[in-house]
Amino acid sequence: MTTAAPAPASATASGAAERRGRPRNAAVDTAVVETVLRLLEDGVGLGELSMERIAREAGVGKATVYRRWAGKEALMLDVLRSLEHAAPELAGESVRDDLVTLLETLRRRGLAKRSSAVLRTVLAQIKAHPELWREYHEKVVRVRREAVHAVLRRGAATGELRSDLDVELMGDLIVSPMLSRAMFHDRAELPEDLPGKIVDAVLEGIRPR
């Protein structure tokens, strides 16, 4: 009786890899996200975007897109994330310096014409897509807000700031002027000293007397 020779290790590994599914191709992910950004820049509204159209414009199969994203909301969330700058590393030594660092990230995003233009387009339409708005708020906005709140809470605990702070309100007072200029005014100037001016104006009122 003849015994079959064992399969080569490479063949066995290849078969296992196929059963697990092929790893995602980062180039395809990038092509799809870039396609959505281009369509948005060209004035295509969120309601006009479909997974079929995105796949066609990106030159990939519809099944390829659906293997990566469960639906348009999941894809759009990744598109919006692609416009975000990496969270800055905070020194944790000065409330003022850390707040200025966080605002500088928003300022640089506002200076990036592509991200600010696309974000303005999307934010103008996103409320009509409540699920996408909830996901964007939870995964992007809330994380950014919490970074500011954490710095303010630390300042209240160390005595750099008043202990009776309404952290959420103070966070809005610090972030909103930069967001207003960066996201909602096409030609607003974003000078290098703007983060410091905003932070100093707010800190003047919330430092211990």
Side-chain angles (χ1 to χ4, degrees), residues 33 69-70 73-209:
V33 169
W69 295 280
E73 284 77 14
L75 170 54
M76 283 304 306
L77 187 59
D78 276 356
V79 170
L80 290 171
R81 281 172 166 164
S82 75
L83 300 174
E84 293 289 315
H85 288 271
E89 188 170 337
L90 302 179
E93 298 173 357
S94 160
V95 166
R96 180 194 183 277
D97 291 350
D98 285 353
L99 291 174
V100 169
T101 297
L102 291 170
L103 282 193
E104 175 61 16
T105 301
L106 293 180
R107 189 184 77 90
R108 283 189 283 110
R109 188 179 68 179
L111 289 172
K113 292 184 179 179
R114 182 184 205 187
S115 64
S116 58
V118 170
L119 277 173
R120 279 195 295 271
T121 298
V122 174
L123 292 178
Q125 306 174 51
I126 201 171
K127 287 297 183 70
H129 302 267
E131 186 60 34
L132 177 57
W133 171 249
R134 280 194 295 271
E135 284 290 307
Y136 177 68
H137 195 276
E138 179 67 20
K139 302 289 176 58
V140 179
V141 177
R142 188 184 65 79
V143 173
R144 195 165 55 224
R145 283 168 57 89
E146 181 52 35
V148 175
H149 294 168
V151 174
L152 292 172
R153 283 193 292 267
R154 190 189 78 220
T158 61
E160 288 180 81
L161 306 177
R162 288 181 359 220
S163 60
D164 61 343
L165 284 185
D166 181 332
V167 169
E168 290 202 6
L169 177 59
M170 291 306 107
D172 289 344
L173 287 176
I174 291 168
V175 172
S176 295
M178 185 66 76
L179 280 179
S180 176
R181 285 200 179 197
M183 295 295 104
F184 304 120
H185 298 289
D186 289 341
R187 296 177 179 81
E189 293 186 2
L190 297 170
E192 289 186 10
D193 62 348
L194 183 59
K197 284 184 175 180
I198 293 172
V199 171
D200 288 339
V202 177
L203 289 183
E204 182 63 28
I206 61 176
R207 286 196 182 98
R209 296 296 181 187

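Predicted, not measured: the structure shown is a model, and the values here were computed from it.
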Is there a donor-acceptor pair under 3.5 Å between the side chain of Glu73 and the backbone N or O of Glu131? no
For the side chain of Ser180 and the backbone of Pro177, is there at least one donor-acceptor N/O pair under 3.5 Å apart? no
Do the side chains of Arg81 and Glu84 get close enough for a salt bridge, i.e. N-O under 4.0 angstrom? no
Please name the pair of heavy atoms, one in Met178 and one in Pro195, separated by the smallest distance, quoted to 0.1 Å. CE-CG, 3.7 Å
Can you name the side-chain hydrogen bond (donor to acceptor under 3.5 Å, both in side chains) partners of Ser163, sequence neighbours left out? none
Do the non-hydrogen side-chain atoms of Arg109 and Leu179 ever get within less than 4.5 Å of each other? yes
Sequence neighbours excluded, the answer for ring-ring contact (aromatic ring centres under 6.0 Å, His included) partners of His149 is none
Note, Glu192 side chain near Arg107 side chain (heavy atom, < 4.5 Å): yes
Quick check: closest heavy atoms across Gly155 and Thr158, and the distance to 0.1 Å? O-OG1, 3.3 Å
For Arg144 and Thr105, run side chain to side chain contact (heavy atoms under 4.5 Å, CB included): C-alpha distance rounded to whole Å, both residues' side-chain angles, the deciding distance at 0.1 Å, then the answer. CA-CA 10 Å; Arg144 195 165 55 224; Thr105 301; over 6 Å; no
Sequence neighbours excluded, which residues qualify as salt bridge (charged side-chain N to carboxylate O under 4.0 Å, His left out) partners of Glu135? Lys139
How would you list, by chain and number, every residue that makes a side chain to side chain contact (heavy atoms under 4.5 Å, CB included) with Pro191, sequence neighbours excluded? Arg181, Glu189, Asp193, Leu194
Could you list the donor-acceptor pairs under 3.5 angstrom formed by side chains in residues 166-176, with sequence neighbours left out?
{"residue": "Asp166", "atom": "OD1", "partner": "Glu168", "partner atom": "N", "Å": "3.4"}
{"residue": "Asp166", "atom": "OD1", "partner": "Leu169", "partner atom": "N", "Å": "3.1"}
{"residue": "Asp172", "atom": "OD1", "partner": "Arg145", "partner atom": "NH1", "Å": "2.8"}
{"residue": "Ser176", "atom": "OG", "partner": "Asp172", "partner atom": "O", "Å": "2.7"}

Is there side-chain contact between Leu80 and Ile126, with at least one heavy-atom pair below 4.5 Å? yes
Where Gly110 and Ala182 come nearest, the two heavy atoms and their spacing: CA-CB, 3.7 Å
Please tabulate, one pair per line, all N/O donor-acceptor pairs under 3.5 Å involving side-chain atoms of residues 199-207, not counting sequence neighbours.
{"residue": "Asp200", "atom": "OD1", "partner": "Arg96", "partner atom": "NE", "Å": "2.7"}
{"residue": "Asp200", "atom": "OD2", "partner": "Arg96", "partner atom": "NH2", "Å": "3.2"}

Intermediate values then yes/no, side chain to side chain contact (heavy atoms under 4.5 Å, CB included), Leu103 and Leu106: CA-CA 5 Å; Leu103 282 193; Leu106 293 180; 4.1 Å; yes
Take Thr101 and Glu104 through the test side chain to side chain contact (heavy atoms under 4.5 Å, CB included) and record every step on the way to the result. CA-CA 5 Å; Thr101 297; Glu104 175 61 16; 5.6 Å; no
For Leu102 and Pro88, the nearest pair of non-hydrogen atoms, with its separation, is CD2-CG, 3.8 Å
